[in-house]
2 protein chains.
Amino acid sequence: MRLALKIAYDGTLYHGYARQPGIETIEGALEKRLREMGAIGEGEHLQVASRTDKGVSAAGNVIAFDTDMESESVANALAHSFRGIWVLGFAEVPEGFNPRHAVRKKYRYYLYNDGIDIGMLKKAVSLFIGEHDFTNFARLDGRNPVRKIEMAKVSGRRIIKIDFEGKSFLWNQVRRMVAAAEKAGRGEASLEELQNALNKKSRANFGIAPPENLLLMNLYYKKTLKFHSVEKTLKFISEMAKKAEVRASLSKDMARVCRFLTK
Amino acid sequence: MRLALKIAYDGTLYHGYARQPGIETIEGALEKRLREMGAIGEGEHLQVASRTDKGVSAAGNVIAFDTDMESESVANALAHSFRGIWVLGFAEVPEGFNPRHAVRKKYRYYLYNDGIDIGMLKKAVSLFIGEHDFTNFARLDGRNPVRKIEMAKVSGRRIIKIDFEGKSFLWNQVRRMVAAAEKAGRGEASLEELQNALNKKSRANFGIAPPENLLLMNLYYKKTLKFHSVEKTLKFISEMAKKAEVRASLSKDMARVCRFLTK
């Protein structure tokens, strides 16, 4: 039977998704555990929708593998095996299902608004919509640099959220688009410069936004995958989010009070 | 010369303030570094305003010690020595100054509002104002259990902040008052039960709120201490707070998306 798992993870705790010998990666941790459980054999590997970079988190990545074990027990056994990796749901999928064949991926990038012109940021982000040659906004790896951004959106005020949707993205593409748009929002780059870089009229490097603020939000398939949820994991993530909010509030007060105390 | 330092710290990274042999504490880390620098001698120790418990953070605790070194260079050398301990400011103080002799301390406790009746919480918190025998709301250590709460206030909605001010507090007192008030806010204890426990009409144990959500906000002295600020530390704390806010926003979205994904 072929099993698909919806997984979330805190990318800051691992050296990226893809396995590397001697380094703690998300794929490495998952495969090790699945082998120990006897869910996959020695030479067998996982397939994954998105090989996120070091530091990048995911709310809904999808892995798939063949197994003889019962799907619910695999999902439950994995659920609490790791620090910072959570199995959210499981679905039995047709033979040959490859999670990489998502028709759409959604990424969200978070920026703290310490003086960004949101109007300008929105204009900059909207330049990326449509089909472009993203040579100036990616780390090229031999793949076709032409990609299509189906949707790009800016929301939020104090914490700015920038969403991108597309069938597929190049290596570092989201972080490079964000860095360029942020530069425009700070008045450090003009819209023309971005447009010229997109039209490949010039070579350009607007830098790369840090990975820890990037979240792979979701993946969409032609035929929607129906996942059975792993309740204990969902509950844990919900508690974790509440704790993070409380700590952020405390940190914010600490910064404010510290500034005031020594005035 | 006697030197007072205003310090802040993330209490979740240390085993409390007070030094203990073989255990990483805030006092232990500070004294070790000061000795290495030659700012204090082998048998000399720090005095401190508040010996916060394991897990409790501070935005403005105060330490004092005698030193022959120049005050600004001590403060600057210490500023970036530790993970999670920050020197915010320094002040030369009169001989014999003991930071423990604050006339008032302010603590803030943070609660995530997942179904707390704020009106009831406010009523419960206000019961503590004034002079009471806090036997039922503290871990007793032989000290007089009568204390006076000068101010108690509830603010915020999603993240509730509960402030307490008083000359001094008993061991665990804030966390036990918060636990009792929270129980009232959740309908798990009545105001009468709290009042009876305060009047010592009954023995009562309302539990203890977790330490990581408690912040020692500030200390007040009869003669206000004028601290010179350590700018690099203030900047660092401000950046840290921004990062915490961004991560909290990401965690919140992750929890929301995860719940939705597997529906």
Side-chain angles (χ1 to χ4, degrees), chain A residues 6 8-10 12 57-60 86 88-91 106 108 110-114 156 158-161 212-215 217-219 226-231 233-263, chain B residues 6 8-10 12 57-60 86 88-91 106 108 110-114 156 158-161 210 212-215 217-219 226-231 233-234 236-263:
Chain A
K6 180 77 107 175
Y9 45 83
D10 178 350
T12 64
S57 296
W86 305 283
L88 309 172
F90 58 95
K106 179 175 180 175
R108 174 169 283 182
Y110 298 79
L111 284 178
Y112 186 90
N113 189 357
D114 52 358
R158 185 183 175 84
I159 307 292
I160 300 172
K161 302 171 180 188
E212 63 269 21
N213 297 347
L214 180 57
L215 181 66
M217 290 279 274
N218 205 354
L219 302 161
K226 283 266 189 194
F227 287 98
H228 301 276
S229 61
V230 181
E231 282 304 320
T233 325
L234 297 182
K235 206 172 159 187
F236 182 86
I237 289 184
S238 161
E239 288 305 314
M240 188 182 66
K242 289 177 191 173
K243 278 183 194 155
E245 271 196 84
V246 165
R247 290 298 294 179
S249 181
L250 187 152
S251 292
K252 204 164 119 188
D253 283 345
M254 190 189 275
R256 194 178 48 73
V257 171
C258 289
R259 172 65 55 188
F260 174 76
L261 291 182
T262 53
K263 271 257 168 70
Chain B
K6 180 76 107 175
Y9 44 82
D10 177 352
T12 64
S57 295
W86 304 283
L88 309 172
F90 59 94
K106 180 175 181 176
R108 176 169 282 182
Y110 298 79
L111 285 178
Y112 186 90
N113 189 357
D114 52 357
R158 185 184 175 84
I159 307 291
I160 300 171
K161 301 170 179 187
E212 64 268 22
N213 298 347
L214 180 57
L215 180 67
M217 290 279 274
N218 206 353
L219 301 162
K226 284 264 187 195
F227 288 98
H228 300 276
S229 61
V230 181
E231 282 304 320
T233 327
L234 297 181
F236 182 85
I237 290 184
S238 162
E239 288 304 315
M240 188 183 66
K242 290 177 190 173
K243 278 184 194 155
E245 271 197 84
V246 165
R247 289 299 294 180
S249 181
L250 186 152
S251 291
K252 203 165 118 188
D253 283 344
M254 191 191 273
R256 193 178 49 72
V257 170
C258 288
R259 172 64 58 187
F260 174 77
L261 290 183
T262 54
K263 270 259 170 70

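Keep in mind the model is a prediction, meaning the values are calculated, not measured. Below, read A as the first sequence line, B as the second, and so on, with proteins coming before strands; counting in each chain starts at 1.
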Chemist: Do you know which of G60(A), S238(A), A248(A), A8(A) has the most heavy-atom pairs with chain B at a distance under 4.5 angstrom?
Modeler: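 Heavy-atom pairs under 4.5 Å are most numerous for A248(A).
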Chemist: Looking only at non-hydrogen atoms, find the nearest pair between V246(A) and N213(B) and report the distance.
Modeler: CG1-OD1, 3.5 Å
Chemist: Taking S249(B) as the fixed residue, which of K161(A), R158(A), E245(A), R108(A) is the one that meets the side chain to side chain contact (heavy atoms under 4.5 Å, CB included) rule?
Modeler: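 Single pass found, and it is K161(A).
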Chemist: Check I237(A) against A255(B) and note the closest heavy-atom contact, atom names and distance.
Modeler: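 Where I237(A) meets A255(B) most closely, the heavy atoms are CG2-CA, 3.5 Å.
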Chemist: Can you see which heavy atom on V257(A) is nearest to which on M217(B), and at what distance?
Modeler: CG1-O, 3.5 Å
Chemist: Measuring from F236(A):CZ to C258(B):SG, what's the distance to the nearest 0.5 Å?
Modeler: 12.0 Å
Chemist: With respect to chain B, which residue among I160(A), L215(A), L214(A) yields the maximal number of heavy-atom pairs within a distance under 4.5 Å?
Modeler: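 The answer is L215(A).
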Chemist: Could you grab the distance from atom CG of D253(A) to atom OG of S57(B), nearest 0.5 Å is fine?
Modeler: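 Atom-to-atom, D253(A):CG and S57(B):OG are 11.5 Å apart.
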Chemist: Between L250(B) and chain A, with a heavy-atom cut-off of 4.5 Å, which part of the residue counts as in contact: side chain, backbone, both or neither?
Modeler: both
Chemist: About how many Å separate CE of M240(B) and NZ of K252(A), when rounded to the nearest 0.5 Å?
Modeler: 14.0 Å
Chemist: Determine the minimum heavy-atom distance between M254(A) and W86(B), stating which atoms define it.
Modeler: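 For M254(A) and W86(B), the tightest heavy-atom pair comes out as SD-CZ3, 4.0 Å.
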Chemist: Atom NZ of K242(B) and atom CG of N113(A): how far apart are they, to the nearest 0.5 Å?
Modeler: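 K242(B) NZ to N113(A) CG: 10.0 Å, rounded to 0.5 Å.
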Chemist: Below 4.5 Å from any heavy atom of chain B, which atoms of D114(A) appear? Answer side chain, backbone, both or neither.
Modeler: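 Answer is side chain: those atoms of D114(A) sit under 4.5 Å from chain B.
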Chemist: Whether the side chain of R247(B) engages the backbone of E212(A) through a donor-acceptor N/O pair (distance < 3.5 Å, no angle test) should be reported.
Modeler: yes
Chemist: Measure A58(B) against the heavy atoms of chain A and call it side chain, backbone, both or neither at under 4.5 Å.
Modeler: backbone
